[in-house]
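Below: the structure, in structure tokens.
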Amino acid sequence: MKTSPFDNHKENTWCPGCGNFGILSSMKAAFEELGLAPEDLLIVSGIGQAAKLPHYIHANGFNGLHGRALPAAFGAHVANSKLKLVVNTGDGDALAEGGNHFIHAIRKNMDITHLIHDNQVYGLTKGQAAPTTPLGQKTTLQIEGVRVDPLNPVTLAISLGCSFVARANAGDQPFMKEILMAALNHRGYALIDILQPCVTFNKVNTYQWFKDRVYAVPESYDPYDKVAAFSESLKWGDDGIPIGILYKEDKPAYYDRLDHIKTDHLAAVERKPTDIQPLLNQLKF
Amino acid sequence: MKTSPFDNHKENTWCPGCGNFGILSSMKAAFEELGLAPEDLLIVSGIGQAAKLPHYIHANGFNGLHGRALPAAFGAHVANSKLKLVVNTGDGDALAEGGNHFIHAIRKNMDITHLIHDNQVYGLTKGQAAPTTPLGQKTTLQIEGVRVDPLNPVTLAISLGCSFVARANAGDQPFMKEILMAALNHRGYALIDILQPCVTFNKVNTYQWFKDRVYAVPESYDPYDKVAAFSESLKWGDDGIPIGILYKEDKPAYYDRLDHIKTDHLAAVERKPTDIQPLLNQLKF
Amino acid sequence: MRINILIGGSAGHGINTIDQFLTRLLTKKGFHFHSYKDYMSRIRGGTNFTHVTLSDQPVHCHDDALDVIVALTSEIIKEHYDRLTENGLIICDADVVLPEPCRHQVTRLNFKEILKETGNTKGYSMVALGAIVKAIGLEESTLNHLVDKRWTEAIIDANTKTARMAYEATHCVLISIPKTNEDHLVMSGNQAVALGALAAGVGFYSAYPMAPSTGVMSYLTQYETRYPLVVEQAEDEIAAINSIISAASNGLRSMTSTSGGGFSLMVEGLGFAAVAEVPVVMLDVQRPGPATGMATRTEQSDLNFVLDASQGEFPRIILSFNSIEDAFYKTFRAFNLSDKYRVPVILLSDQYLADSTSTVREPDLKALKIDLHLVKEVREDYRHHDLRTLVQDRVVPGMTSQIVMNDSHEHDENGSVTESASNRAAMNDRRMSKLNEIIKEIEEPRLIGDPEAKDILICWGSTAGVVAAAVDNLTGQGRSVGALIFGDLYPLPTKTLTKLIERGARLINVEGNYQGQLRQLISRELAYPIHHSILKYDGRQFSPGYILKAYEEMIQK
Amino acid sequence: MRINILIGGSAGHGINTIDQFLTRLLTKKGFHFHSYKDYMSRIRGGTNFTHVTLSDQPVHCHDDALDVIVALTSEIIKEHYDRLTENGLIICDADVVLPEPCRHQVTRLNFKEILKETGNTKGYSMVALGAIVKAIGLEESTLNHLVDKRWTEAIIDANTKTARMAYEATHCVLISIPKTNEDHLVMSGNQAVALGALAAGVGFYSAYPMAPSTGVMSYLTQYETRYPLVVEQAEDEIAAINSIISAASNGLRSMTSTSGGGFSLMVEGLGFAAVAEVPVVMLDVQRPGPATGMATRTEQSDLNFVLDASQGEFPRIILSFNSIEDAFYKTFRAFNLSDKYRVPVILLSDQYLADSTSTVREPDLKALKIDLHLVKEVREDYRHHDLRTLVQDRVVPGMTSQIVMNDSHEHDENGSVTESASNRAAMNDRRMSKLNEIIKEIEEPRLIGDPEAKDILICWGSTAGVVAAAVDNLTGQGRSVGALIFGDLYPLPTKTLTKLIERGARLINVEGNYQGQLRQLISRELAYPIHHSILKYDGRQFSPGYILKAYEEMIQK
Ligand SMILES: Cc1ncc(C[n+]2csc(CCOP(=O)(O)OP(=O)(O)O)c2C)c(N)n1
Ligand SMILES: Cc1ncc(C[n+]2csc(CCOP(=O)(O)OP(=O)(O)O)c2C)c(N)n1
Ligand code: SF4
Ligand code: SF4
Ligand SMILES: [Mg+2]
Ligand SMILES: [Mg+2]
């Protein structure tokens with residue numbers, strides 16, 4: 001087996017055959033191809049199966065609270081914008097517990113790559129519905145089927161004006177690696193919704209199910225057309241599932257909006273208590 | 001002055017001229033016109049200026065926590081689906097602190113009317129930016145101007161497939177009352193984004209500013225066309241601001257999805273400890 | 001007399017299935033048992049085991065010594081071999097490595113072979129079951145009960161055949177133990193809570209999945225139709241607590257469950273329920289913290305947290321479960337207390353208890369009474385927060401034509417916001433004074449063993465069972481020791497405690513946490529210092545042996 | 001000698017402006033002052049006032065008796081008339097209703113008339129200022145300082161003219177009081193925190209607006225460029241705490257502020273910071289709870305809450321502010337403590353202190369030292385959670401080529417998830433043992449008044465100033481009483497307390513809450529009961545008179 005500078009030797013606790021393995025390999029491959037070193041990276045996650053990923057890669061890691069990966073990524077970005085930030089979240093992590101952060105993180109357009117491991121289920125807690133589980137689908141908890149409408153992360157991100165929105169299929173690693181590289185090269189919020197089979201708890205949305213339905217958006221597709229992208233994003237299931245870069249928007253990344261910050265490593269700025277003397281002087285009357 | 005069965009005699013602490021007064025009057029008028037009685041209603045809110053509303057109307061009230069009006073509405077709906085539920089939230093209440101509930105409440109399509117008092121500012125806490133404050137607009141806190149992109153509640157709701165999405169202008173009470181009545185008559189989640197001037201903290205988005213920009217969507221407008229509605233919802237500011245019913249979708253309301261619940265007043269069901277005897281019997285081997 | 005069987009392997013080996021059928025068979029045969037699960041936070045692989053303790057008496061904890069180890073992997077032997085009694089028996093798969101030399105009886109079964117022969121490739125659990133049934137001296141016909149309504153005839157046949165083969169191949173027989181003739185139920189700690197809530201008439205349950213509490217929701221969700229009940233997975237714990245508060249404020253008994261991390265997110269809601277005087281029941285199934293901690297391990301370290309969680313001051317009731325049976329009754333009682341006093345009730349369980357299963361005496365449902373304390377007809381002089389009384393029935397919307405306001409601010413008697421200083425003080429007095437009423441209904445801790453003993457062990461929650469076993473053991477040795485077992489925790493019942501203090505007993509607190517949190521509470525409330533502690537905070541429950549050893553060391557000093 | 005001026009009207013009357021300029025003028029003239037705001041949770045209307053106490057000595061609280069009332073509405077007279085001293089003076093608008101007969105000197109100014117005459121329609125505050133300056137015996141030239149850099153010349157002229165007219169029209173002159181010659185700064189409680197944080201080198205501040213804490217953010221936001229600093233309004237408090245933890249884990253000093261309701265939402269994050277051993281500083285500006293409570297009122301009722309907030313067990317440091325000056329130093333110190341021990345530090349302020357302004361001695365910035373405790377070069381044997389030591393510098397990403405893992409589970413020395421029982425126990429020991437190190441740096445409470453007195457008042461936080469004034473007063477009457485003032489609260493410093501207990505002092509706790517939360521903490525830690533309490537929980541701060549009265553009543557019994 002090929003080795004990578006990003007390998008680490010911790011025991012992996014994912015189920016054999018889990019779609020997460022493909023995501024992990026593609027990430028390592030993309031990092032290598034982009035010439036990134038472990039110390040250039042910070043892999044941020046919440047809690048869940050997907051969120052275990054930082055433990056399985058040799059790089060800086062931040063494995064925070066369930067649902068809170070995006071605020072964590074934001075804090076890291078403020079402290080050190082030189083770090084290449086990759087956020088790995090489950091669909092529950094990103095869209096249920098963390099849903100509020102998702103909509104607001106996009107508004108900042110901070111420079112991160114955000115992977116939703118979209119297995120349409122809660123893996124770690126044994127199979128309950130995720131926000132992306134289809135209406136009517138039965139789960140270990142929703143035994144009569146889910147009764148609320150699913151949420152489409154791609155549609156949602158487009159509506160919020162996310163500056164890079166893509167979808168990939170964990171069953172197709174070369175394609176996924178390309179998307180990952182494009183996302184890593186994008187300056188701003190790059191979201192990738194990754195169709196990730198959960199071989200244990202999701203018996204519907206399998207490798208084969210996705211293989212039978214995904215199609216890459218054609219060359220002619222214009223990701224800059226918001227309304228068209230919205231329309232395309234609504235496709236799902238038997239109508240086909242578009243993968244590739246679905247939406248792009250040019251706008252300043254978060255750090256580029258901070259006119260007053262002249263450094264890319266705020267944590268490295270030297271500070272002294274005496275710096276505040278001018279402020280004290282203002283308080284004399 | 002006209003009196004209404006919904007008047008109560010508590011001191012009102014809104015600033016003179018605040019857009020909330022118009023919203024309150026239109027609500028009362030709509031309730032009267034629909035023949036609703038105070039005991040038929042439950043007015044639910046979070047915390048903020050808008051959220052004070054339940055205290056200013058003679059009807060059942062639930063003034064909960066900041067950001068948590070929608071889960072509260074959900075609980076009330078489960079307990080007693082006969083109550084007419086009206087949720088009054090600020091833009092911060094609904095979209096910042098309460099943003100996660102917003103996206104998930106819509107997925108349930110529960111039968112409520114949700115008014116966002118969209119003053120594009122935090123009124124009660126003295127003028128900080130709300131999620132709807134335009135990019136670059138200066139506030140008491142964002143003194144150099146807001147640096148994150150605004151969130152459009154109408155676009156967001158459409159992308160989530162909210163079954164009734166409208167916009168009204170607090171400066172135009174008759175129009176607002178019509179929209180309110182349509183919303184109250186809708187079975188499912190009816191969202192109204194109300195353009196509400198804050199005369200104290202928002203010196204940009206004034207009555208006049210809105211008056212100069214709003215236009216009602218034409219008769220020919222088809223609110224059932226999701227992509228067209230999405231496109232229309234993107235208009236803002238000098239391009240004109242569409243008001244009226246922008247989107248509709250026919251789908252089962254939450255209670256209609258609960259096949260197993262045969263009552264519309266779950267709280268009134270008589271229950272006895274002995275009801276569980278069959279379950280105990282299952283645990284004998 | 002108790003027999004302890006530990007059955008272990010990887011996630012995926014069907015350890016759960018073995019546990020489930022074994023305990024059913026045992027119950028059928030008239031035994032009492034207690035069974036607890038030790039599993040890792042992963043779906044496949046790793047090392048999991050279940051530990052079944054059977055007896056002719058009700059059992060509330062496991063023992064240290066093992067009579068039988070069923071090992072599907074070598075790790076199980078490595079970890080637990082030392083606990084096997086002299087006459088103990090090992091049942092293991094062909095490739096399991098045993099210590100050399102092995103001083104014990106061994107039945108080595110070739111699981112794969114047996115399964116190949118019976119054409120039952122997934123029947124690992126059946127092999128184990130057949131062997132265990134033989135080992136503990138039950139007749140072969142016991143295996144006729146290996147049935148499940150989800151199975152076809154063919155599956156049942158294959159399974160029974162598999163189990164029979166294993167039965168035959170097992171040579172070692174343990175002395176069989178006396179049985180009882182009582183009829184018991186079998187439930188897990190989480191199920192007991194769900195059943196208690198259903199008995200109390202819960203109509204709405206909303207929660208966000210979180211180990212080890214999810215079992216409550218999984219159980220309830222099966223009975224949505226029958227009761228009728230709405231079980232809804234919330235988008236997060238904040239939604240869960242806020243929606244149950246609102247449902248309860250509309251007269252529907254409502255509940256949520258979580259573990260510490262989720263409880264953290266419910267803290268603001270807790271205070272809201274209290275100030276609005278809306279009755280809610282919240283279950284915290286404790287696991288080791290802080291933060292994500294250890295998802296599938298146990299600890300008793302949230303007492304301090306729930307005792308003062310949320311800003312400001314308000315009354316609350318905290319009850320802990322001493323056994324699975326107790327979980328049923330405490331949950332039922334929580335609803336009545338909450339409705340009567342209009343205060344939040346927090347139930348403290350833990351992973352050990354929640355994931356354990358045991359035999360339980362059948363509750364007498366007719367003896368239970370639901371009391372909702374709702375106003376049923378219009379009352380002219382109704383005040384929602386009546387300063388003239390502490391305990392009052394309440395109005396909910398839509399039950400009468402009366403309107404009502406529930407509010408999260410400080411408010412006046414009708415729920416209107418007010419900044420009045422005198423109203424504030426009066427409302428605070430009203431709320432806090434409820435504690436003086438509530439304490440009258442709080443149950444004193446149970447004193448077991450020798451009530452006049454010099455040494456009294458103090459414990460709470462699921463540690464009760466282990467402490468009781470330790471006390472039994474010491475008493476069996478002819479030694480005098482007692483234990484004070486707290487179920488109700490707050491407001492702290494102090495009568496029995498005070499008497500013990502007055503007679504000069506030496507108190508020794510036994511808690512599954514670092515700080516001795518009940519000890520801290522006692523110190524805070526009675527200004528009385530407990531100087532001796534037996535603590536454990538490695539993510540695992542106490543065992544009787546652990547307590548005995550620590551106790552011996554303590555008194556040696 | 002102290003002079004008390006209360007200036008009140010409706011929101012919109014510019015009470016804040018009066019306060020701001022009056023206190024500036026007083027400082028210019030060499031006075032010390034303390035000024036606190038009493039305002040309602042609304043933007044317009046209602047009744048608000050500011051209470052300015054001036055002296056030649058530093059002042060840390062208001063007094064009960066008033067020397068001057070400036071009333072723009074009749075409500076102000078109705079509420080505060082009784083507090084006016086015999087020689088006290090009323091300055092009021094034309095339509096303000098006074099008691100009949102009025103035993104006091106009155107200057108009735110027709111505000112509207114004056115403003116019409118000077119063409120300065122919005123100049124209410126200037127009329128009031130002119131009158132007050134005359135009333136307290138300052139020269140007319142004082143009014144030359146009514147300038148502000150945002151004003152045009154024309155505005156300045158109109159304002160000065162307006163103030164002069166009022167000055168002239170005011171006839172009553174109070175005896176003027178001695179001034180000091182020291183140079184002081186003027187700051188509010190919230191500003192002091194912001195300045196302390198800036199002095200400590202804060203680089204990231206994220207919070208969600210919440211009264212009465214928002215002032216910290218509003219102040220900092222003005223200086224983003226200068227420091228450089230990122231101040232970001234978060235979408236909610238959960239985002240705020242999680243982003244500062246992450247920024248801090250990357251080596252940037254970070255802070256958040258909130259009030260109790262927001263703190264409730266940060267509880268899970270607090271535990272995360274602790275288990276990941278990431279240093280963060282959190283400010284809780286207390287207001288009355290539970291839940292939304294009273295947004296613009298004061299209380300000291302979050303101590304219990306923050307003491308044990310979050311599931312599981314972990315070390316934390318809790319510091320409270322005894323004065324505005326203290327808030328500056330404690331905030332500065334919080335960062336160093338947090339970085340050194342890698343534990344969260346919680347700062348407790350309250351609305352009274354946060355919204356108060358006072359003169360403050362200029363800090364000697366050169367005496368302060370920032371200590372980040374970061375690893376600057378690759379260390380071969382680095383372990384992120386080193387079991388061999390309690391106090392260790394830490395690696396952050398991107399400062400060296402070393403990589404590092406910050407994790408919210410129980411983890412091993414390198415931040416990897418593990419379910420090992422022995423590791424769990426060892427890590428828990430490591431974390432909790434830090435408290436034994438931290439206590440060495442915790443400051444003992446300050447003993448003031450007669451250290452040998454029989455009666456010792458015990459207090460914490462902003463109540464310090466009021467208690468000190470009460471003790472001064474009693475001492476002035478020739479009576480012997482002392483007070484023990486706690487700033488650092490947890491780990492609880494017990495040395496001084498123990499000595500007092502040993503010598504048999506009668507302890508009387510004075511707290512702005514219902515339960516006596518410091519009393520409870522002392523009882524919990526020392527198993528020592530404090531039997532006498534002076535408590536207040538009506539949303540308003542103590543006054544010295546309130547304490548004196550309660551004390552007299554207490555000793556009478
Ligand atoms: C506050 C909190 N609530 C709940 C949990 C329990 N929990 C852990 S992971 C998870 C969801 C997992 O689903 P997802 O995010 O989709 O990740 P996956 O395992 O499917 O990759 C939940 C509910 C938690 N750790 N913290
Ligand atoms: C948990 C919590 N955080 C913060 C606050 C403080 N707060 C009260 S209202 C409000 C925002 C008000 O803005 P919006 O929701 O837009 O309502 P508006 O006043 O503009 O109508 C905030 C931040 C609070 N009450 N609770
Ligand atoms: S449960 Fe599902 S998502 Fe989790 S590791 Fe197994 S296959 Fe993957
Ligand atoms: S501050 Fe703004 S939103 Fe609030 S009452 Fe005044 S005008 Fe209305
Ligand atoms: Mg998932
Ligand atoms: Mg607003």
Indicate whether any N or O donor in one side chain lies under 3.5 Å from an N or O acceptor in the other, for Asp236(C) and Asn100(B).
yes
Is it the case that the side chains of His55(B) and Asp407(C) hold a donor-acceptor pair, with the cut-off being a distance below 3.5 Å and no angle test?
yes
If you look at every heavy atom in Ala199(C) and Ile276(B), which pair is closest and at what distance?
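What the structure gives for the nearest pair is N-CG2, 3.6 Å.
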Just how far is it from atom [atom1] of [X] to atom [atom2] of [Y], taken to the nearest 0.5 Å?
X         : Y         : atom1 : atom2 : result
Leu42(B)  : Met405(C) : CG    : CE    : 9.5 Å
Glu224(C) : Ile261(B) : CD    : CD1   : 6.5 Å
Glu235(C) : Phe74(B)  : CD    : CZ    : 8.5 Å

Based on non-hydrogen pairs under 4.5 Å, which of Ala79(B), Ser45(B), Ala59(B), Gly61(B) is most in contact with chain C?
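Highest number of pairs under 4.5 Å: Gly61(B).
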Among His265(B), Arg107(B), Glu270(B), Lys82(B), residue most engaged with chain C (heavy-atom pairs, under 4.5 Å)
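Ranked by contacts with chain C, first place is His265(B).
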Using only atom types and a distance under 3.5 Å, with no angle test, would you say the side chain of Asn60(B) pairs donor to acceptor with the backbone of Val404(C)?
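Yes, Asn60(B) side chain to Val404(C) backbone: donor-acceptor pair under 3.5 Å.
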Salt bridge (Lys or Arg N to Asp or Glu O under 4.0 Å) partners for Lys284(B), two or more places apart
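Lys284(B) satisfies salt bridge (Lys or Arg N to Asp or Glu O under 4.0 Å) with Glu362(C) once adjacent residues are dropped.
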Between [X] and chain B, with a heavy-atom cut-off of 4.5 Å, which part of the residue counts as in contact: side chain, backbone, both or neither?
X         : value
His411(C) : neither
Ala200(C) : neither
Val417(C) : both
Phe335(C) : neither
Arg253(C) : neither

By a 4.5 Å heavy-atom criterion (distance strictly below it), what part of Ile47(B) contacts chain C: side chain, backbone, both, or neither?
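The side chain, not the backbone.
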Does the ring center of Phe285(B) lie less than 6.0 Å from the ring center of Phe33(C)?
no
